[in-house]
Amino acid sequence: MIHEHDGVRGESADRKGVFSRLRFTSLRLRLVVVFALVALTAAVSASAIAYWLNREAVLTRAQDAVLRDFQQEMQNRAGALPAHPSQDELQHTAGQMANSSQRFSVLLVATDASGKTVYGNSGGLNGFSLEEVPKSLRTAVDRKQKLTNANKSPYHLYWQRITEDGTPYLVAGTKVIGGGPTGYMLKSLEPEAKDLNSLAWSLGIATGLALIGAALLAQAAATTVLKPVQRLGVAARRLGEGKLDTRLRVSGTDELADLSRTFNKAAAALEKRVADMAARDEASRRFVADMSHELRTPLTAITAVTEVLEEELDAEAGGIDPMIEPAVRLVVSETRRLNNLVENLMEVTRFDAGTARLVLDDVDVADQITACIDARAWLDAVDLDAERGIHARLDPRRLDVILANLIGNALKHGGSPVRVSVRETDSEVVIRVRDHGPGIPEEVLPHVFDRFYKASASRPRSEGSGLGLSIARENAHIHGGEITAANSEEGGAVFTLRLPRDASELARQEEQSREQAGREKKRREQEGDA
């Protein structure tokens, strides 16, 4: 690139960086990365601008000083030479010019009296040669300018920066105005390049320190901001686990403090709401339990009377007036139904209160099912597919309640024959009860285990209490098992009971859970009294 000394043009370059958006699961890591990127961008930009400004200032200052000195030497010493100097005169003048304050190499080119081109080199035979001058610069120096009002001189000083063997140089050339030799100058810019390299290293180190400082600052800021958020997350998890007395310590007046206050208010409102609901639920359970208990005494007397009436109905002598016999039979049936309802209600309240307990024993499942069917005279209506020897550690009474409800429901609402099959795995026993009826409507399936649910609104009254399947499922749950209902592809409904082979571990866990709940309740009561 050739530059005219009267108007130096600066170099510029556009730099564009492409950054892809990174996604991290850690908010702390993302904050640190964002801080670091911002700091890196700012530091690199500031360093680049500082380096560029200093580079231009250093090079321009050195360049201007060299060019002024060279131009002055050309005017004073080369201008004093004759129009056709000899080689010795050129050599001597070139040496004098090179001894100036800037210490550059000089090459003078002229024609002697015979018209031969002669050279004067400040460095001798191995010094600065014309081949080291770029051809474009020589062409520009030799080109004669047109004289105008703005251009008073036919020749100008031109310069160019070159690099040889990794070392930067400044090359300049001009002609003596009014006739005379052409002069070229070569000046090494290595000292300036070293200064600029030192500056670049300093700026790089400063950028690295700024990046480290930004990362540390981001870490501190992330800790300051995220620690309350982390505490809020822990508190929310504790709240979700049922620890409704969880509260956050509030300090400060910023947005995070407002968030903590809002959380505390919400937790307090939730705790109060849950406490109110628990109190109402406890009152409802107590009411049902008390009502069921109070009904048992009169029901015992009524049941005794109905048993006497039933014996009179079955007597051959006919001790009941035929006119009132239907009413007596209705009273006997409804009394039995009411008695079952009260027993079921008391069982439900025990489940709701968490007082139901397992009395475990080693049970032969096939024998237990046979005993259940035989006790209710269902042998002719039930087809049993169960091998003897399938043992499990369960509560026999609760297993009997489950089987009685499932088989009784199949006989009542399904179709005979009812088939009961038993299969075993390493960890559980699977009992399937299938009937041959019309099946369960799809809209009813999700509700078959709901309490008091009636499949048809037009038949709100039935012989059952509407609690049998619900009680069966609760008994399965207390064993750690499950009951599911579905329709068989071959027709009819299928109830599948899954029970663990050993419910001892679950019973121990339930006992520990109840003890912990009792201790927690006692602690809260003590805190309330305090």
Side-chain angles (χ1 to χ4, degrees), residues 340 343-344 347-348 351 356 358 363-387 390 392 394-425 427-456 459 462-501 503 506:
N340 291 335
E343 291 296 331
N344 287 338
E347 184 73 4
V348 167
F351 283 122
L358 289 176
V363 175
D364 187 306
V365 178
D367 288 347
Q368 186 70 25
I369 298 175
T370 302
C372 174
I373 296 173
D374 185 41
R376 293 162 179 82
W378 290 339
L379 288 175
D380 295 335
V382 177
D383 180 14
L384 178 60
D385 177 17
E387 296 181 1
I390 300 177
L394 305 168
D395 187 326
R397 184 186 72 82
R398 295 189 182 279
L399 178 59
D400 181 77
V401 171
I402 297 173
L403 295 172
N405 278 294
L406 294 181
I407 298 173
N409 183 76
L411 291 171
K412 186 183 301 181
H413 301 290
S416 297
V418 172
R419 181 177 179 82
V420 180
S421 61
V422 181
R423 298 291 181 269
E424 64 175 334
T425 65
S427 60
E428 63 181 8
V429 176
V430 181
I431 303 174
R432 298 174 77 248
V433 179
R434 180 195 166 200
D435 61 54
H436 288 75
I440 305 174
E442 292 297 327
E443 66 274 10
V444 176
L445 271 176
H447 306 287
V448 293
F449 296 105
D450 294 351
R451 297 175 183 178
F452 300 108
Y453 180 77
K454 303 294 183 181
S456 175
R459 297 186 293 106
S462 64
E463 295 181 5
S465 64
L467 293 172
L469 290 179
S470 175
I471 291 175
R473 185 176 64 172
E474 294 292 346
N475 277 301
H477 286 172
I478 200 174
H479 280 89
E482 184 58 87
I483 302 177
T484 57
N487 288 316
S488 174
E489 295 179 357
E490 301 173 1
V494 180
F495 286 83
T496 303
L497 169 65
R498 298 180 182 273
L499 294 175
R501 298 292 294 266
L506 179 66

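Quick caveat: nothing in here was measured; it's all calculated off a predicted structure.
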With Asn409 via side-chain hydrogen bond (donor to acceptor under 3.5 Å, both in side chains) - residues at least two apart: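 side-chain hydrogen bond (donor to acceptor under 3.5 Å, both in side chains) list for Asn409, sorted by chain: empty.
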
For Asp374, side-chain hydrogen bond (donor to acceptor under 3.5 Å, both in side chains) partners two or more places apart: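 Residues passing side-chain hydrogen bond (donor to acceptor under 3.5 Å, both in side chains) with Asp374: none at all.
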
Nearest non-hydrogen partners of [X] and [Y], listed with the distance:
X      : Y      : answer
Phe449 : Ser470 : O-CB, 3.4 Å
Leu384 : Ile369 : CD1-CG2, 3.7 Å
Leu394 : Val363 : O-CG2, 4.1 Å
Ala485 : Ile440 : CB-CD1, 4.5 Å
Arg376 : Cys372 : NH1-O, 3.1 Å
Asn405 : Ala472 : CB-CB, 4.1 Å

Say you draw a straight line from [atom1] of [X] to [atom2] of [Y]; how long is it, rounded to the nearest 0.5 Å?
X      : Y      : atom1 : atom2 : answer
Leu379 : Thr370 : CG    : OG1   : 8.0 Å
Glu387 : Arg423 : CD    : CZ    : 7.5 Å
Ile478 : Arg473 : CD1   : CZ    : 14.0 Å
Leu403 : Gln368 : CG    : CD    : 7.0 Å
His477 : Glu482 : NE2   : CD    : 3.5 Å

Trace of the side chain to side chain contact (heavy atoms under 4.5 Å, CB included) decision for Trp378 with Val418: CA-CA 10 Å; Trp378 290 339; Val418 172; over 6 Å; no

Could you check whether any side-chain N or O of [X] sits under 3.5 Å from a backbone N or O of [Y], counting only pairs where one atom can act as donor and the other as acceptor?
X      : Y      : result
Arg419 : His436 : no
Asn475 : Ile471 : yes
His479 : Pro500 : no
Asp435 : Gly492 : no

Side-chain heavy atoms of Arg501 within contact of Thr425, under 4.5 Å: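 A side-chain contact under 4.5 Å is absent here.
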
Any residue meeting side chain to side chain contact (heavy atoms under 4.5 Å, CB included) with Val494, in chain and number order, not counting sequence neighbours: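 For Val494 the side chain to side chain contact (heavy atoms under 4.5 Å, CB included) partners, ignoring immediate neighbours, are Arg432, Arg434, Ser488, Thr496.
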
Of Ile483, Val430, Leu399, the residue whose pairing with Leu499 passes side chain to side chain contact (heavy atoms under 4.5 Å, CB included):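 For Leu499, the side chain to side chain contact (heavy atoms under 4.5 Å, CB included) test succeeds with only one of Ile483, Val430, Leu399, which is Leu399.
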
Leu445 vs Asn487, side chain to side chain contact (heavy atoms under 4.5 Å, CB included): CA-CA, chis, key distance, verdict: CA-CA 9 Å; Leu445 271 176; Asn487 288 316; 4.0 Å; yes

Side chain to side chain contact (heavy atoms under 4.5 Å, CB included) assessment of Thr484 paired with Leu497: CA-CA 7 Å; Thr484 57; Leu497 169 65; over 6 Å; no

Greater than 12 external heavy atoms within 6.0 Å of Glu490's CD: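 Atom CD in Glu490 is not packed in, count stays at 12 or less.
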
